[in-house]
Amino acid sequence: MSLSKLRAGIAKRTGGDAGNFGALDVEVREEFSSVVLEGRVPDWRLKVELGWFAAGFGYKGVVNDLEVEGIEEERLAPSFPAGDRPLEGRSFDVAIIGGGVVGCAIARELAKWKVSAVLLEKEEDVAAHTSSRNDGMIHDGFAARPGTRKAAYNVRGNRLWEPLAGELRIDFSRPGSLVVFGSSAAKAAYPIMAARAKENGVDGWEFWSRKRLLAEEPNVTDGQHGAFFLPSAGIVSPYRATVALAESAAANGVEFSLGTCALGLEKEGGRITRVLTNRGDFRAAVVVNAAGNWSDAVAGMAGDRFFSLHQRRGVEMILDANAGRHLNHIMAMPSLLTVNRKTKGGGLVKTVEGNVLVGPTAAEAPGRENYATTAAELRELEKHLRLNKKLSPSMVITYFAGVRACTYEEDFIVERSERVPNLVHAAGIQSPGLASAPAVAEDVVRLALEALAATKRVSRNAAFVAARRAAPELRRLPFAERAALIAKNPAYGRIVCRCEEVSEGEIRDALRSPLPAASLDAVKRRARPGMGRCHGGFCTPRVMEIVADELGIPLDEVTKKGPGSRIACGQTKAGAEGGRQ
Amino acid sequence: MIPRERRDVVVLGGGPAGLAAALAASESGSDVLVVEREERLGGILKQCVHDGFGLVRFGEQLAGPEYARRYIDLVEGRRVAVSLETFVHSVRREAPAAARRAAAADGDPGFFVLTCVNRDRGVFELEARALVLATGCRERTDRQVFIHGDRPAGVLTAGLAQHLVNIEGLLPGRRAVILGSGDIGLIMARRLTLEGMEVEGVYELKSEPSGLSRNLRQCLEDFGIPLHLSTTVVEVHGKRRVEAVTVAAVDQRGQVLPGTERRVACDTLVLSVGLIPENEIAESLGLSLDPATKGPRVDQAGESQAEGVFVCGNALHVNDLADYVSESGEAAGRAAAAFAARNGAPAARGRLVPVKAGPGFLYAVPQFVDRGRPGKAVLYFRSNATLREGARFAARAIGPDGAPAATLLEKRYAALRPPEMERVEIDVALVPVDAAAVSLELERKEGLRG
Amino acid sequence: MAETRKFVCIACPRGCPLEVDAEPDGKGGFAALAVRGNACRRGEDYGRAEIVDPRRSLTSTLRTEGAAERRLPVRTTGGVPLGRLVEAARALDGLVARPPLKCGDVIVNNLLGLGVDLVATDDLSAAAAADQGRKPAWNN
């Protein structure tokens, strides 16, 4: 019944009517408990809109296989060739596919149990994709649509982050978020906002008068009518959080196999038995799908593709650290909140490092790993600067793009597969994925242990150490402590990155962490050299030198992000052969 | 308790400006210490292996390291103290200590205290009567000129490319596109070519080249490397390593002309898109910056509006020649030594007469003339446009009534180009004691008739 | 037949625009007749030379062994014929500089028989003995 309604609606949207099923060649059918869209549409935007539309008919998921002229279907493939097969023939209780914040949080949660676990990440480091390409907000949970899994996980995750950050020894701040009333109409919407916050179970909200707003945020632009304040909104560094989760998991026995891409899942009797990768095939009793923008592809490998993803880009700008003193809270504009139900609209975020982050944008665009930015996207972001009198486009030091992994239902999928009993999905984790990750991890591990119970009795890992052994950050230590550390280890006294005040010793620590960095980007994620205003112009050769020394490789083999991304292509004065190939 | 070392003058930076300042201060009798962040003295000159340095100072064409070596040898010869691989964490002013306050003169501005970090001494403090900022400049990055597209390896600034090639002996790639026709970009076009790389072309957003004419000749024309004016790089392609860039023509305002985009295969993008004085420490000391130079405002000895803080070289404004960098370092070093020698006694500083650069100037340095410093004052300026037909320059003292009170200098130029800095001298004695300003005028030759 | 060539003087940073009247010398080359636009004697010399026998000094680096630095900067003591500049640059590929060297030390006499020497443009000192403290242990 609903299928015929859905067909009629799609026909209308593709230029046809109920009798003549669309001017376009679109097929709709049910499969398992999902609805499948097939055929061809002229543009990607229409494909996404039809997917959204189909999501409103009560199916478990929308599998949107519509082809779009000129846009190739993307295939999950290794990012670079593997040189070895260390996983070949091995056996694990749990294999986690994906080293983003969700996969790493699951790995650490799993480390609390006596299981053998491996995490597969196709890049040379964890947090290489969406987890290093977001604003770091630990959202309050107000913006998510009431009743969604997103809303529930967000509020739960928000509560978990502060103690977790303490265990991980990473910065966590809770500046709170201000939804500024730009008009008296926006101000009048306060009761609606409060009702929503209440419904979502958000931890506190306040009405701020214009006077209070000006007192707390003196640089807010003139003409604001007050604000809706959500004190529970917090901030972490998303990539440092992900790396810290991974380090803690690794230190507690989870194996991390980097540069490892899942190529297939072999099944016997409806259960996954083997995981096929470019670094060897191995047995796994339970598989966790935390593959981010590829989670639908991984589900497909197990024959359980009941949903599909579309990509929503988010572009953000980072302002110079000097800008941080002009901002006290996270800030957003209310008009944007209501305009687009798919996103929270972006704003200004003061990062834990004191920079100001502006954004993100939210626009559907194809490309699971398309991080190219455009000038138009930056222009769009400049509007957020108008929230604060002291901020200007000249403060921009860099900008980047991320891609949200969105289902057409626009909600998270956290469940044990209905078709494959030893597969657990943590899929479609878009915003607020970072905020939700600790809560998602708890549930995924519970589901994984249930799945594992069929073959194994699992007990708690009594040896689990919650506190991460964190390397010192000298710039944050009192002078006496700093001096003592330098006396013990002079490399802490040699500042390599002057903009961010990072010493040689800290870079060496990053290269020796429980999940060691092996590229410049990975070092940057752990110790920050090159993150400052000169963007590595000064420190890059020095960091390369330390990386080469620690890894025991020639200087010209140092990479930006793993094989295929060398900084240099050879040596000068290498004679007739013209440098190493 | 943090250990503290006392000096008369501390110089921040051991490049050409800092070395000249340290030498001059030492020769003036000061006890000087140079703080250098790198493992060797010489600053950026260490990697400038090309020649052309020293024509003004030494009448010779020296390579960069050779030019630096002359100063290093002199500095070492005078046993000037040097603290290498040392990071300046912060700088603050401190009132004279109680023990010394009794002896201190009224109005004693006190001392500068620098908190420093290095391997051997850990955390320590340097105390100085006078501070010379010779911290050089840094390069603008691809983000600051808003290049879009992917973020692969193979995008680097010209200075980083120069360091990799000349110091580390690394070849950045096989085929390079250079964005920006600044001097380092031009020098690197030649350097990469001589090391066996192919330089596909140099692209310049502006309608005129940014570098010196002679570098266009000897770095591009000699090797047949094309220069594409009014053209820029709009996008980088390549997931892991640069595979190509998109270049496009731009209009007079730098806006891309649609339809002119062209894909250029390359594995390296080198950026030479401008230099910015390093002014973090200056800003932390509350010095006001000149928006035109992006360096602090100073008088003819490099003294900023904060007493006892002297600024020189590229930290002050980006110079075209190392010779002028050394010259400004010397002036600052001498003046810093004199300041320190007063040991807190009331400053002999005279009235600061603002230097006002009129229309036609990109900027002029210094921004003030101190009437209390007798002798010659060296002024540097750049025109804001190319004046091929020539121009007439004049420096006039403006009286309290706003009318010209004295002509300090008049000079004709056959041609002026923004990349080429000009240097003039005026006699401070000619500036009336009550002068309201020193006004700089630039008149195009076309306007000179009659 | 005489022709006028225009180019920028590279003798100093001033970069005077030169005009040089050139005439075939009957031996396959050119002779310079008059130089205009120069502000000094060096410009005139350069202008003539550029017609008769254009030369450029070569600046580059050498590989090092046993030294504190990976490369030693070098230059030629005079001009190398422009047409042989790349060849001269390639000739440095096989050379190795060993410390100690002082700035100005001659590394190669009469490079490629071109009548110019190759000299060091910086000092080169020996590598320090095993540099203590460069390899800290993970220590907390």
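In the text below, chain A, chain B and the rest are named by the order of the sequence lines, each starting its count at 1.
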Tell me, for A/Thr373 versus chain B, whether the close heavy atoms (under 4.5 Å) come from the side chain, the backbone, both or neither. both
Segment of B/His237 engaging chain A (4.5 angstrom heavy-atom cut-off): neither
Tabulate, in ascending numerical order, the residues of residues 262-277 of chain B having at least one heavy atom closer than 4.5 Å to a heavy atom of chain A, or enter 'none'. none
Please look at A/Glu123 and chain B and tell me whether the side chain, the backbone, both or neither of the residue comes under 4.5 angstrom of a heavy atom of that chain. side chain
Under 4.5 Å from any heavy atom of chain A - which part of B/Thr86: neither
Quick one: what part of A/Leu378 sits under 4.5 Å from any heavy atom of chain B, side chain, backbone, both or neither? side chain
Is it true that B/Glu85 and A/Arg542 have a side-chain N and a carboxylate O under 4.0 angstrom from each other? no
Verify, without hydrogens or angle tests, whether B/Glu261 (side chain) and B/Gly259 (backbone) share a donor-acceptor contact under 3.5 angstrom. yes
Bottom line for A/Ser394: the part with an atom under 4.5 Å from chain B's heavy atoms is neither
Given that the side chain runs from C-beta out, which part of A/Tyr371 has a heavy atom under 4.5 Å from chain B: side chain, backbone, both or neither? backbone
Identify which part of A/Ala487 has an atom lying under 4.5 Å from any heavy atom of chain B, answering side chain, backbone, both or neither. neither
If I measure from the heavy atoms of chain B, does A/Phe538 come under 4.5 Å with its side chain, its backbone, both, or neither? side chain
Can you tell me which of A/Glu501, A/Met544, A/Met317, A/Glu369 forms the most heavy-atom pairs within a distance under 4.5 Å of chain B? A/Glu501
